[in-house]
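To find a chain, count down the sequence lines: A is the first, B the second, and so on, and within it residues start at 1. Computed from a predicted structure; not experimentally measured.
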Amino acid sequence: MFMSFSCWAKDVIPVPQQVSLSPNSNTQQISVSWYGGEATTFDLLILRTEFNVTVFYETLTVVADEASGRHEFNWTSAEPLECTSLSVKVRSRRNDRPTSESMLVYPQDKIVPAGSNITFCCIIGEGKSFGSFHFISETLNVTRLSRRAYAATVYNPKASPTYGYNAYCRGLAQSEISGAVLFVGYPPLLTDFICETQDLISAVCHWTEARNTHLFAKRLKTRYSINGRNCLCNPLGEYSLTDTADVRTRVVPLPPEELNTVASARNTTVRWQWRHSQYSCSLLFVKWSSHPAMKNKGELTRLRTFSGVGLRSVVLLDLYPYEEYSVKVRCGAQQNFWRWGNWSKTISFRTDCDTPSTPDVWMWMNSDGTGEILWKPFEPRKSNGPIVSYEVTLWSPDDNTRHTQIVPPDTFTMPVNLSGITVNNNSKVIASVVAKNPAGLSPPASINLPLHVTNLETITKVDFREGAFPLSWESDANSSCGYVVEWHEASCLRDCPVEWIQVGEENTNVSVKSDAFEPGVRYYFSLYSCSSEAPKLLKRWQGYTRELTPSSTIQLSTKQQDSDILITWSEIPTSHQRGFLLGYNVYLNNGSQLIPLASLSSQENREDTGGTASITLEPYADWLILEILATLGVTSLALIVVTFICYKKRKWVKGAFYPDIPEPKLPSDWSTPQSTLDVKPLPHSMVHIVEKPEWDSSKDVLVVIPEEDENDEGQGIRDEPVDTDESTSLRYYNQVVDERPIRPVTQTLPIPLRHHWIPDAQM
Amino acid sequence: MAAQGTQSQTPGDEPEQPGSGAGQTGRAVALARLLHRECSHLLQLFKEKESFFENYTPDGGRIVSLSTDSEEPSTEEQVLRLHSALRQCLGLIHCVILKEEEEWGELEGDYESMRKNVHQRLQYLLHTTKALMETEETILEVTPDHQCTEEVDGSSGLFALKMWTFRVLVELVHWADHAANTLYKLHSETEEKDPN
């Protein structure tokens with residue numbers, strides 16, 4: 001007997017038990033009975049054993065007998081039972097789940113690891129037809145499992161997106177669709193699992209997820225646990241890491257709290273509290289730095305580690321007075337150091353003031369005993385606090401008199417006048433400058449004021465090289481406290497604005513730089529010795545950063561002496577020279593070119609004092625005058641001679657050049673009256689009247705009084721027929737003088753004006 | 001003959017006249033049209049994330065249905081029925097959000113963002129129709145009208161949830177379009193009565 005069973009996923013169908021066969025040869029029936037539990041549907045299979053040929057296979061509905069609880073079925077064989085051996089199989093059958101008409105796909109909401117294959121099956125509804133099976137947008141090849149079941153396999157799907165993959169089955173109708181969602185992902189994988197404690201009571205563990213699981217649905221998310229309280233798992237698996245250590249070696253201390261400071265001028269005590277009263281830290285890391293506003297003055301950041309049992313404060317040393325700092329602290333375990341804890345909050349504080357440093361003092365003295373005491377404003381971190389004022393004291397050891405003047409903090413000079421002081425060999429006047437800030441007074445900076453201004457004849461030229469004036473000198477034994485190099489513009493003679501630098505006694509050279517240096521400006525550099533006496537001038541230099549052409553023209557004045565012309569000019573002011581003068585060149589300007597006449601060189605190391613040049617006129621200039629005079633004389637003589645000759649021969653000259661004009665001779669008396677000029681008229685011409693203007697009777701016109709009738713004989717003009725076919729003709733009447741009066745006439749009838757013309761042929 | 005000036009304008013575009021009936025209905029029409037656009041966009045986003053739905057047309061008729069009378073209802077009655085349908089739609093979208101957040105958590109993608117938009121816009125439209133139609137005799141509710149207890153098409157599994165969500169989104173598009181048309185009808189009638 002074979003017993004078999006089938007099951008669907010989670011549901012297990014009961015396997016028929018205690019199957020028994022009862023043959024009845026008479027009826028050729030076999031009674032098959034079994035225990036089938038609550039199942040009512042069974043498949044019954046009867047085989048001819050030897051040839052394994054099926055003679056009966058049907059699904060039966062058999063109800064269990066109430067008394068025995070057994071199911072029974074009678075089968076009748078077509079052949080006698082004695083003919084051959086028969087085998088019987090029974091299995092329970094749960095009616096096909098989709099007894100409904102809708103389509104179903106399995107497995108639903110499956111989760112598989114990436115790289116694995118998965119097979120889906122689609123069960124179509126009863127009486128429906130299968131259409132196609134799809135995975136995402138791909139159509140799958142299907143294998144028919146049974147009448148209504150079709151299977152398809154998806155090979156090696158990649159990790160799924162947020163909402164999973166859709167595997168769906170379609171029937172022939174557009175609306176027939178069913179499917180399942182597939183999730184493909186990874187089991188959890190993590191690294192760097194570390195646990196620490198801050199208080200030896202609780203621990204904080206950190207880890208890193210080394211790989212995205214690609215399982216985004218809520219129920220698929222990875223869950224974590226430590227020490228078995230929860231599981232580090234997702235539906236695809238579980239991952240575990242172990243971190244084993246003595247908790248005392250994993251201490252990450254808490255940061256200090258409530259930092260505060262107690263500051264003095266050059267050190268500060270930093271104090272703090274701990275969150276837990278029993279907390280203590282034996283290793284501290286402190287970082288403090290100057291305020292960012294000091295960045296351009298050299299921001300200072302310092303780090304230092306302090307150690308000690310139960311530290312609750314540290315002292316920061318070597319701070320700058322009156323400067324703002326920020327500080328923060330973190331703690332570490334001195335024994336079994338694991339790592340530094342978090343930083344505390346940063347706090348800021350300002351150190352107290354300290355007395356100012358000694359001012360840098362100098363002086364400028366004029367030759368008349370007046371001058372100025374000078375001092376420089378403090379460099380950063382030298383004033384040690386805001387300067388309130390300066391106190392300048394002048395005192396004379398001789399008579400022990402003191403004069404103190406207080407000047408405001410933005411003043412760096414004070415005028416002095418020593419002209420009233422009686423001078424002897426031991427006379428001294430000392431100027432002291434003291435700076436004052438809230439912390440007190442600086443040490444005094446003193447200087448002996450010279451009562452006589454000395455000068456040096458020799459001034460050495462110095463070249464400007466590499467952005468500076470290199471000055472060097474011989475060491476002076478009397479310079480017990482070093483040297484002072486001072487410089488100013490050479491054009492300044494009195495109360496000059498000076499710059500200076502202090503040089504140590506061991507130095508004998510210095511390169512002087514200044515942002516105030518300008519090209520074309522001469523600077524004087526002076527080296528003074530520093531001692532208990534007044535500064536002594538040791539050496540002088542002069543130089544230009546860059547020489548330029550003189551900026552002013554030369555005013556010439558001339559003076560003639562005989563044939564010499566003396567040209568003089570005055571010195572060019574130093575400020576206009578803009579360079580060291582080498583000399584003067586004298587040119588003659590003849591209007592079109594400059595002709596060099598002379599070249600004068602300046603004496604070295606001598607100040608310019610102007611110049612003089614003398615020009616002597618050449619002798620040939622006198623001959624020129626004589627020639628002119630001679631020419632004038634000859635010309636005058638020639639004019640005199642010509643005039644004399646002309647006077648003597650004046651009659652001939654008159655006759656030759658402007659003789660008298662004779663009068664005309666008249667043949668007869670010109671007083672007879674004039675008569676008519678008989679003038680032959682010009683050849684015949686016709687004047688054809690082409691238009692007869694209308695006579696405007698309203699107008700007066702000037703007309704010639706018509707002549708008498710033309711019947712006079714021999715004279716005059718006769719109306720002659722003309723050889724014309726014109727309707728009218730004109731005759732020209734010419735009279736040299738027409739004495740007939742002309743008077744305006746007002747007529748009503750037009751009277752034609754007749755012109756008589758006598759052709760030649762008729763004359 | 002020149003077209004009527006009011007008829008050529010798009011409802012909701014005319015100058016707003018607070019308090020005027022035409023102004024209120026015009027705003028309601030504009031709101032319904034906006035809701036329709038957003039519902040269509042939401043459906044499109046859903047199809048993009050669940051690519052197989054491109055060629056699928058759900059069967060089975062409407063999820064939300066209205067009772068039909070033998071007589072043609074007036075425009076006001078149509079709006080009242082619309083209000084009722086929109087309440088059911090609100091319940092459906094509310095249920096979709098609930099079930100999707102239960103499965104996926106509170107994601108913040110484009111689909112989730114637009115789903116939230118539709119939910120809020122639908123609520124606002126309900127308040128608008130309530131303001132239009134409510135009277136002393138007729139009190140209109142704006143709460144969702146859906147229990148959210150269904151077994152999404154009688155089957156379990158995330159795919160069934162997706163199918164049901166798709167049907168709901170299609171339903172929303174339909175009812176938003178219906179709302180725009182019905183409210184426009186009301187707006188036109190209101191304007192005829194009160195052209196000013």
Inset, instruction - With side chain to side chain contact (heavy atoms under 4.5 Å, CB included) as the test, would you mind laying out the steps for B:Tyr111 and A:Thr162 before giving the verdict? - result: CA-CA 12 Å; B:Tyr111 168 75; A:Thr162 305; over 6 Å; no
So, the part of B:Glu101 with a heavy atom under 4.5 Å from chain A: the answer is backbone
Next item on the list: Report the relative orientation of the aromatic rings in B:Phe159 and A:Tyr168; use parallel for angles under 30°, tilted for 30 to 60°, perpendicular for over 60°.
Entry: parallel
Residues at least two apart in sequence or cross-chain that pass side-chain hydrogen bond (donor to acceptor under 3.5 Å, both in side chains) with B:Ser74, listed by chain then number, are none
Interatomic distance, CD@B:Glu100 vs NZ@A:Lys218, rounded to 0.5 Å, equals 12.5 Å
Applied to residues 112-136 of chain B, the ring pair (Phe, Tyr, Trp, His ring centres under 6.0 Å) test, sequence neighbours excluded, yields B:His94-B:His119
**Asked** Counting distance only, does the side-chain N/O of B:Lys162 pair as donor-acceptor with the main-chain N or O of A:Gly179 below 3.5 Å?
**Response** no
Okay, A:Phe135 and chain B: the region with an atom under 4.5 Å from a heavy atom over there is neither
When the 4.5 angstrom heavy-atom criterion is applied to A:Ala180 and chain B, the contacting part is backbone
Bottom line for A:Ser178: the part with an atom under 4.5 Å from chain B's heavy atoms is backbone
- Assess whether atom CG of A:Asn141 is packed by more than 12 heavy atoms of other residues, nucleotides or ligands within 6.0 Å. no
Taken to the nearest 0.5 Å, the spacing of A:Ile177 CD1 from B:Phe166 CZ works out to 9.5 Å
Okay, A:Phe216 and chain B: the region with an atom under 4.5 Å from a heavy atom over there is backbone
**Prompt:** Has B:Lys130 got more than 12 heavy atoms of other residues, nucleotides or ligands less than 6.0 Å from its NZ?
**Reply:** yes
Next on the checklist: I'd like to check A:Tyr163 versus B:Leu107 (side-chain heavy atoms, cut-off strictly below 4.5 Å). Are they in contact?
Outcome noted: yes
**Request:** Give a yes or no on this: more than 12 heavy atoms of other residues, nucleotides or ligands lie within 6.0 Å of atom NZ of B:Lys49.
**Result:** yes
### Message
Is it true that, when you exclude A:Asn212 itself, more than 12 heavy atoms of the residues, nucleotides or ligands shown sit nearer than 6.0 Å to its CG?
### Response
yes
